[in-house]
Amino acid sequence: MSEPPLILTARMHAHPETSHTIATFEATGGYTALRTALDMGREAIVEEVKAANLRGRGGAGFPAGVKWGFLAPARPAYLVVNGDESEPGTFKDRQLMERDPHQLVEGTIISSLANEVNHAFIYIRGEYPKPARRVQAAVDEAYSAGYLGTNILGSGYDLELTVHLGGGAYICGEETALLNSLEGRRGEPRLKPPFFPAVRGLYMAPTIVNNIETLCNIAWIINNGGNAYSAIGPEDSPGRRMCSISGHVNRPGNYEIVEGITWRELIYEVAGGIRDGNELKAWVPGGASAPWFVPGEHLDTEVTKAAIDSNGSMTGSGAVIVMDHTTDMVAAAERLVRFFAHESCGQCTPCREGTTWLDMILRRMLAGHGRATDPDVLYDVSDNISPGVTWPPKMTTICPLGPSAVSPVASLLKHFPEEVAAAVERGTQVPVSIGMRV
Amino acid sequence: MTDIAQWSQEAEALAEAVIAKYPQKRSALMPLLYIAVREDGYLTESGMRRVAALVDLEPAQVSSVATFYSMYKRQPVGKYLVSVCTSISCWLLGGDEVLEAVESAAGVPAGATDESGVVSPEHVECIGACGGAPAVQVNYELIEGLTPQKATELVEWLNAAQPETLNGDEMQALFGGQRSFDWAIHETDSATGPYPAFQPHGTVAPQGRS
């Protein structure tokens, strides 16, 4: 089989200096899918996206077409595009927004049409003013060209598109927290049930929340057909997806991959191998929330959703963080836990207190004050956040942020018990108090 | 009822335009907070009262929202907010050392502002620049692939040159290294203060675009 075409990054590769402009976009087939979609009508668009088996690229991996099918009949309905990319290791949506914003805008318009939406929002994290400027410029161009606003291309379809900048909070990447934030509230997740966005979302109206990368596939699917998309890569998770690789590799960056290669190929060929010829020690396969993989068990397993799931981790946001043999794994776990402790919204006690205690215990161990009971205490706190410390995680919390902090701790205890023991053995004395700097 | 100070005519007009972009007023709260920050240099009590009046909320409700998010600074910050990422990927490649260099060059720890009010170092969690680690933002414009030495030079440059606008491409060329991905597209916009440079929700009139 020949190499499948690039879907997400084709234009930015071909036109590196002008891929963000409407002129280049239109000259390379841009907005033809919108014209087709306007003729197809709502149901036919949904059918194509279902046929594509396009999985959401934000983390949960739920099929986008099926998600659209859950939209309750009440109107108005809203589409909210999640550009709150904040999962450590992830920087793919930034590239898609900065370098091909019209691809996103076109996908957003088609998806709005498919869901009978007349007002859509693109929520972009506050630390991304540059991507937000690019997307806003593309939105402005699309309004001027008649792709947005009233009576789009004479079809009678109306759509307003608002670009919204966040205020600096990882939790707003969780869809119900994002909706609260977009309503001008604290970004605290809502209980599901009853607040499933497709039924009670933005302003309690039916709402679809899709990731940036997910919607960047839509125009290609309309142009080429859902079956052409689902024919690429593994049956269960087809198409191309962005993979952000960072850490101790020679060629970090975003790679548009087709699932099915092995981790060895991804790390040693695609990403150019480990820096300085060092040895691979561990990697995070799907963003900071994902349980770690280690070379002894996972290097020759496949990079597919099915294989990653069955090996006890997740594709997540597609972010791969690679660590070489010089890495102190207790410190790496602490660094990941620290993030979740900092970003906990504070609603649920197991998360608010648990992530903070996990972080404080790990910091104490790193400071040379480890105790023999620390491994058990780390496990016990983890168990309070996520009963049984299983994968996929059980939850005592409204959203998965708390259990996300358990992943690095459980991975540390499972794969690197000797490093935990060494940190305990280094312990010299018990401090009266421990400082926090979160 | 106490009088609520209005903003500049331009900011009031911008606020009105922002509110019009949402089906419900309250959704404009966060973009309005950025306008408040730009007006006063940081988020003041009077700024929050103005936002409350504009979206028909109580000031306490606005304060409750503002305090949830890390980017609405409720204390004065320097002319340049230097945000150093110390999350996992940056940490793996020396983010802590970059933070130490910035703190040392500024002469104050993260979270403080130097005596002359020029540089405010802070540590931040992941800013989505992991492929170009370690990364720093100055007034939310990104520089990737710094070394402690380059970070020191960055702070020295900010102190000496004190540019009125900050352009990401220029700073990347002066102080950066490895990037997350190539930036072949020339960056025409610049930041003019310690808040994200984004229209229309907030903050700065970009250069080179009407």
Side-chain angles (χ1 to χ4, degrees), chain A residues 16-20 76 85-91 93-95 98-99 119 125-130 132-133 136-137 160 162-170 181-188 203 244-248 252-254 284 288 319 321 323 327 331-332 335-336 339 342-343 345, chain B residues 21-31 33-34 55 57 64-72 83 86-89 91-93 123-133 137 140-142 168 178-187 189 191 196-203 206 209:
Chain A
E17 289 173 10
T18 61
S19 58
H20 63 306
E85 176 173 70
S86 313
E87 179 84 10
T90 318
F91 49 98
D93 294 339
R94 181 162 70 87
Q95 178 167 347
E98 283 186 14
R99 300 203 47 193
H119 197 148
R125 68 177 297 192
E127 296 89 341
Y128 277 11
K130 177 175 176 172
R133 292 195 296 263
Q136 183 68 56
E160 299 297 329
T162 300
V163 182
H164 184 95
L165 197 69
Y170 163 76
S181 182
L182 187 53
E183 289 183 2
R185 301 172 196 278
R186 295 165 67 87
E188 291 167 345
Y203 313 129
S244 302
I245 307 181
S246 64
H248 295 148
N254 286 319
V284 188
I321 305 161
M323 296 176 266
T327 311
R335 201 51 69 130
L336 288 159
F339 173 83
H342 185 269
E343 299 297 336
C345 83
Chain B
K21 295 182 80 71
Y22 296 92
Q24 294 188 11
K25 265 188 181 181
R26 183 169 179 160
S27 282
L29 198 159
M30 289 171 63
L33 288 174
Y34 282 129
V55 297
L57 290 176
S64 149
V65 175
T67 53
F68 185 84
Y69 300 94
S70 62
M71 288 171 64
Y72 303 118
S83 313
T86 55
S87 283
I88 182 78
S89 298
W91 169 75
L92 284 170
L93 292 165
H123 107 273
V124 289
E125 296 296 340
C126 188
I127 50 177
C130 323
Q137 288 187 329
Y140 301 103
E141 297 301 309
L142 185 63
Q178 167 78 41
R179 294 171 296 184
S180 292
F181 45 86
D182 286 337
W183 291 359
I185 302 166
H186 178 59
E187 178 56 80
D189 296 324
F198 173 64
Q199 287 272 42
H201 296 299
T203 52
R209 198 171 70 225

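Proteins come first, then strands; the chains are lettered A, B, ... in the order of their sequence lines, and each starts at number 1. Note that this is a predicted model, so its numbers are computed, not measured.
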Against chain B, label [X] side chain, backbone, both or neither, depending on which of its atoms sit under 4.5 Å from a heavy atom there.
| X | result |
| --- | --- |
| A:Q95 | both |
| A:I321 | side chain |
| A:T90 | backbone |
| A:E343 | side chain |
| A:E85 | neither |
| A:A288 | neither |

For each of [options], tally heavy-atom pairs with chain B at distances under 4.5 Å, and name the one with the top tally.
| options | value |
| --- | --- |
| A:G247, A:P76, A:G253, A:A132 | A:A132 |
| A:G167, A:S19, A:A331 | A:G167 |
| A:G166, A:A319, A:S244 | A:G166 |
| A:E160, A:R185, A:E17, A:M323 | A:R185 |
| A:S86, A:P129, A:P252 | A:P129 |
| A:G126, A:A169, A:G187 | A:G187 |

Do B:V124 and A:E127 come within less than 4.5 Å of each other through their side chains, counting heavy atoms only?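 They are not in side-chain contact.
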Run A:E98 and B:I185 through side chain to side chain contact (heavy atoms under 4.5 Å, CB included) and show every step you take. CA-CA 9 Å; A:E98 283 186 14; B:I185 302 166; over 6 Å; no
Stepwise side chain to side chain contact (heavy atoms under 4.5 Å, CB included) test for B:Y69 and A:S181: CA-CA 10 Å; B:Y69 300 94; A:S181 182; 3.0 Å; yes
Is it the case that the side chain of A:R335 and the backbone of B:W91 share a donor-acceptor pair, with hydrogens and angles ignored and the cut-off at 3.5 Å?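 No; zero donor-acceptor contacts below 3.5 Å.
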For A:K130 and B:L142, what are the C-alpha separation, side-chain angles and deciding distance, and is it a side chain to side chain contact (heavy atoms under 4.5 Å, CB included)? CA-CA 9 Å; A:K130 177 175 176 172; B:L142 185 63; over 6 Å; no
Using 30° and 60° as the class limits, which term best fits the ring planes of A:H342 and B:H123: parallel, tilted or perpendicular?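 A:H342 vs B:H123 ring planes: perpendicular.
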How far apart are the C-alpha atoms of B:E187 and A:R133, what are their side-chain angles, what is the distance that settles it, and do they pass the side chain to side chain contact (heavy atoms under 4.5 Å, CB included) test? CA-CA 10 Å; B:E187 178 56 80; A:R133 292 195 296 263; 3.5 Å; yes
Please say whether the positively charged group of A:R125, taken as NZ for Lys or CZ for Arg, lies over the ring of A:Y128, i.e. under 6.0 angstrom from the six-membered ring centre and within 45 degrees of the axis.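 The answer is yes, since A:R125 meets both limits relative to A:Y128.
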With a 4.5 angstrom heavy-atom cut-off, could you sort out which part of [X] is near chain A: side chain, backbone, both or neither?
| X | value |
| --- | --- |
| B:A129 | both |
| B:T86 | both |
| B:Q24 | both |

Quick check: A:F339 with A:Y170 (ring centres under 6.0 Å apart)?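 Judged by ring-centre distance (under 6.0 Å), A:Y170 and A:F339 do meet the cut-off.
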For chain A, which candidate among B:L29, B:T67, B:L93, B:L92 shows the most heavy-atom pairs at distances under 4.5 Å?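 Result: the option with the highest number of such pairs is B:L92.
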For B:F198 against A:V163, the heavy-atom pair lying closest together: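 That closest heavy-atom pairing would be CZ-CG1, 3.7 Å.
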